[in-house]
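Comments concern the structure below.
Start at 1 with the first residue, then count along the sequence.
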Amino acid sequence: MRFSLSPQHLMLSAAQVAVTALLLPTLANAATPDPFFQYSGSTPLADHAPGTVLNSRTISVYIASIKTTIQATQLVYRSTDAQQRPAANVTTIFSPDCSKASCANKNKVLSYQSFYDSLNPEDAPSRAYTGGGRLPDALPAVEAMLFGKYVKQGYTVVVSDTQGQRADFAAGPEYGYNTLDSIRAAFKAPQIGLAQDAKVVMLGYSGGAIGTEWAAELAPSYAPDLKPNLIGAAFGGTLVDPEHNLTYIEGATLWGGVMPMAVVGVSRSYDIDIQKYLTARGIDVYNRLQKASIAYVLGQYTKVTWKDLVKPEFQDRTKIKEYVDAANKVIMGTGGTPEIPLQIGQGTGGTGELTQPSPLWGKGDGVMLAGDVRTLARQYCAKGVPVQHKEYTTSHFVTLLSWLPWATAWVDDRFAGTPAPQNCSSIAEGNPLTPLTYNP
């Protein structure tokens with residue numbers, strides 16, 4: 001948990017990141033399993049309360065496989081998977097060295113959810129921060145630029161492996177549990193030294209928005225003990241209803257491969273044997289994606305559609321009960337209502353990333369649907385949640401650049417105690433978020 005406040009360490013240049021990204025593919029097989037990440041205690045996980053710290057260590061942080069003088073604490077903690085089973089997970093916590101820097105902001109906690117988006121546990125942020133050596137390990141270097149100012153200013157920053165130890169990509173509720181329990185673990189770890197009334201704001205974009213939003217909606221029921229601490233959540237580029245997104249991005253030039261990635265991830269999280277529904281082509285894609293990072297998928301599965309992947313009798317997804325049940329469980333807003341202010345940003349210029357508007361669901365940013373996001377925001381507004389919502393006319397990647405300063409200014413205001421803004425009355429209608437009906 002010791003680190004240098006040197007800006008050159010936290011804010012690696014784009015050139016460094018790019019060069020490292022080019023070198024990392026040559027090290028793709030260099031990573032070896034780290035026993036720290038696997039819980040090996042004699043007490044069954046079920047006997048530990050969610051958020052219990054199971055193991056800890058101090059690491060020297062690597063960013064884009066470059067060792068820095070920054071130190072951080074990694075915690076193995078008890079959490080819950082998508083099927084409500086006990087699970088162990090890992091989080092990395094950056095906190096100030098009070099002997100060398102001011103601790104005035106230590107009890108301001110930023111829970112930052114990464115958009116590492118992978119089906120491989122080795123791509124989790126905690127692995128990358130310990131050395132890595134793979135192409136996806138360049139991502140935390142980019143993300144350090146997003147939350148680095150908070151580390152430099154002496155905030156406590158919590159970065160969980162939101163997808164869990166199996167990398168259950170797109171399984172929203174599991175992201176939420178892992179996020180909330182990482183925050184609990186930070187409070188319980190004596191070496192972090194947080195006051196029990198420390199305040200927490202959650203922040204995430206794209207894959208990070210999955211963890212941020214689900215944590216916000218699950219907190220009242222799953223982690224009511226955190227109610228005195230949680231004061232807001234800002235997220236953008238949000239996957240609200242994956243069933244809708246499947247029809248939006250299938251066959252898309254850039255984002256098409258995310259569709260089968262999500263099918264694999266959600267199937268894995270709910271123990272669905274998806275292979276029995278697949279064609280030979282589907283089996284081939286399934287096998288190739290088992291440990292795929294989005295870094296290796298973008299632009300690689302052009303024109304892959306549901307029709308290509310599944311047998312003729314399952315072209316209608318509502319005929320697959322397992323699929324229907326799982327798809328309905330990962331619709332945002334079905335897990336509860338947040339009790340904290342929200343800020344939500346979303347792009348609409350998906351044609352800039354070669355995705356056409358959906359005939360059913362309208363415009364998106366290339367991978368996420370704006371109409372779904374609007375409906376979610378309106379749903380929360382109707383239940384009394386202060387929501388500030390904004391749309392950008394840009395694509396997914398470009399929107400991130402505009403969203404970030406807007407979001408971090410909102411985060412700063414929450415920590416400053418400023419009343420949260422809301423524009424509920426001006427949010428346009430969106431798409432229905434009606435659950436699927438099984439149609440045997």
[Y] versus [X], side-chain donor and acceptor atoms under 3.5 Å:
X: Thr305; Y: Glu250; answer: no
X: Tyr380; Y: Glu217; answer: yes
X: Gln388; Y: Gln343; answer: yes
X: Asn178; Y: Ser160; answer: no
X: Thr337; Y: Glu339; answer: no
X: Ser114; Y: Glu143; answer: yes
X: Asn120; Y: Ser118; answer: no

Worksheet item: Is Arg78 positioned over the aromatic face of Tyr177, cation under 6.0 angstrom from the ring centre and no more than 45 degrees off axis?
Response: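 Relative to the ring axis of Tyr177, which defines the angle, Arg78 lies outside at least one limit.
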Is the closest basic N to carboxylate O distance between [X] and [Y] below 4.0 Å?
X: Glu243; Y: Arg317; result: yes
X: Lys321; Y: Asp325; result: yes
X: Glu322; Y: Lys276; result: yes
X: Arg85; Y: Asp271; result: yes
X: Arg374; Y: Glu391; result: yes
X: Arg127; Y: Asp34; result: no
X: Lys108; Y: Asp412; result: no

Between [X] (side chain) and [Y] (backbone), is there a donor-acceptor pair under 3.5 Å?
X: Thr238; Y: Val240; value: no
X: Arg184; Y: Ala49; value: no
X: Thr302; Y: Thr253; value: yes
X: Lys363; Y: Gly371; value: no
X: Tyr116; Y: Gln163; value: yes
X: Arg414; Y: Ala409; value: no
X: Glu353; Y: Phe397; value: yes
X: Asn89; Y: Val76; value: no
X: Ser111; Y: Ile183; value: no
X: Thr355; Y: Gly366; value: yes

Would you compute the distance between atom [atom1] of [X] and atom [atom2] of [Y] and round it to the nearest 0.5 angstrom?
X: Phe314; Y: Ile274; atom1: CZ; atom2: CD1; answer: 9.5 Å
X: Leu342; Y: Phe235; atom1: CG; atom2: CZ; answer: 5.0 Å
X: Leu354; Y: Leu254; atom1: CG; atom2: CG; answer: 6.5 Å
X: Leu218; Y: Leu226; atom1: CG; atom2: CG; answer: 12.0 Å
X: Leu360; Y: Asn431; atom1: CG; atom2: CG; answer: 9.0 Å
X: Asp81; Y: Leu45; atom1: CG; atom2: CG; answer: 10.5 Å

Between [X] and [Y], is the ring centre distance below 6.0 Å?
X: Tyr205; Y: His396; answer: yes
X: Trp306; Y: Tyr323; answer: yes
X: Phe94; Y: Phe147; answer: yes

Write down the atom of [X], the atom of [Y], and the distance for their closest heavy-atom approach.
X: Ala185; Y: Tyr77; value: CB-CB, 3.7 Å
X: Thr179; Y: Gly211; value: OG1-O, 3.8 Å
X: Val387; Y: Ile427; value: CG1-CD1, 4.4 Å
X: Ala171; Y: Val330; value: CA-CG1, 4.3 Å
X: Thr393; Y: Thr348; value: CA-OG1, 3.4 Å
X: Gly257; Y: Tyr301; value: CA-CB, 3.6 Å

Item to complete: Any chance you could lay out the side chain to side chain contact (heavy atoms under 4.5 Å, CB included) test for Thr394 and Asp365, step after step, and finish with the verdict?
Response: CA-CA 7 Å; Thr394 46; Asp365 62 8; over 6 Å; no
Discussion item. For Thr437 and Asn439: C-alpha separation, side-chain torsions, deciding distance, then whether side chain to side chain contact (heavy atoms under 4.5 Å, CB included) applies.
Written reply: CA-CA 6 Å; Thr437 300; Asn439 180 30; 5.9 Å; no
Worksheet item: Between Tyr39 and His48, what is the ring plane arrangement, given parallel below 30°, perpendicular above 60°, and tilted in between?
Response: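 Taking His48 first and then Tyr39, their aromatic rings stand perpendicular (interplane angle over 60°).
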Worksheet item: So among Thr156, Asn105, Val411, which one has a side-chain contact (heavy atoms from CB on, under 4.5 Å) with Leu110?
Response: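 The option that passes is Val411.
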Fill in: Identified side-chain hydrogen bond (donor to acceptor under 3.5 Å, both in side chains) counterpart of Trp361 within the set Thr247, Asp372, Asn245
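Among the candidates, only Thr247 passes.
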Practice prompt. Please assess Asp181 against Ser79 for the test side chain to side chain donor-acceptor pair (under 3.5 Å), listing each intermediate value before the final yes or no.
Written response: CA-CA 6 Å; Asp181 287 327; Ser79 193; 2.7 Å; yes
Practice prompt. For the pair Glu313 and Lys319, evaluate salt bridge (charged side-chain N to carboxylate O under 4.0 Å, His left out) and give the outcome as yes or no after the intermediate values.
Written response: CA-CA 8 Å; Glu313 61 267 35; Lys319 294 185 179 298; over 6 Å; no
Discussion item. Would Tyr155 and Lys106 count as a side chain to side chain contact (heavy atoms under 4.5 Å, CB included) here? Give the steps.
Written reply: CA-CA 5 Å; Tyr155 288 58; Lys106 181 173 186 174; over 6 Å; no
Discussion item. Would Leu289 and Phe169 count as a side chain to side chain contact (heavy atoms under 4.5 Å, CB included) here? Give the steps.
Written reply: CA-CA 11 Å; Leu289 290 178; Phe169 175 66; over 6 Å; no
Practice prompt. Go through Gln74 and Thr92 one step at a time and tell me if the side chain to side chain donor-acceptor pair (under 3.5 Å) criterion holds.
Written response: CA-CA 4 Å; Gln74 290 193 325; Thr92 303; 3.0 Å; yes
Discussion item. For Gln113 and Thr212: C-alpha separation, side-chain torsions, deciding distance, then whether side chain to side chain donor-acceptor pair (under 3.5 Å) applies.
Written reply: CA-CA 6 Å; Gln113 283 60 253; Thr212 303; 2.9 Å; yes
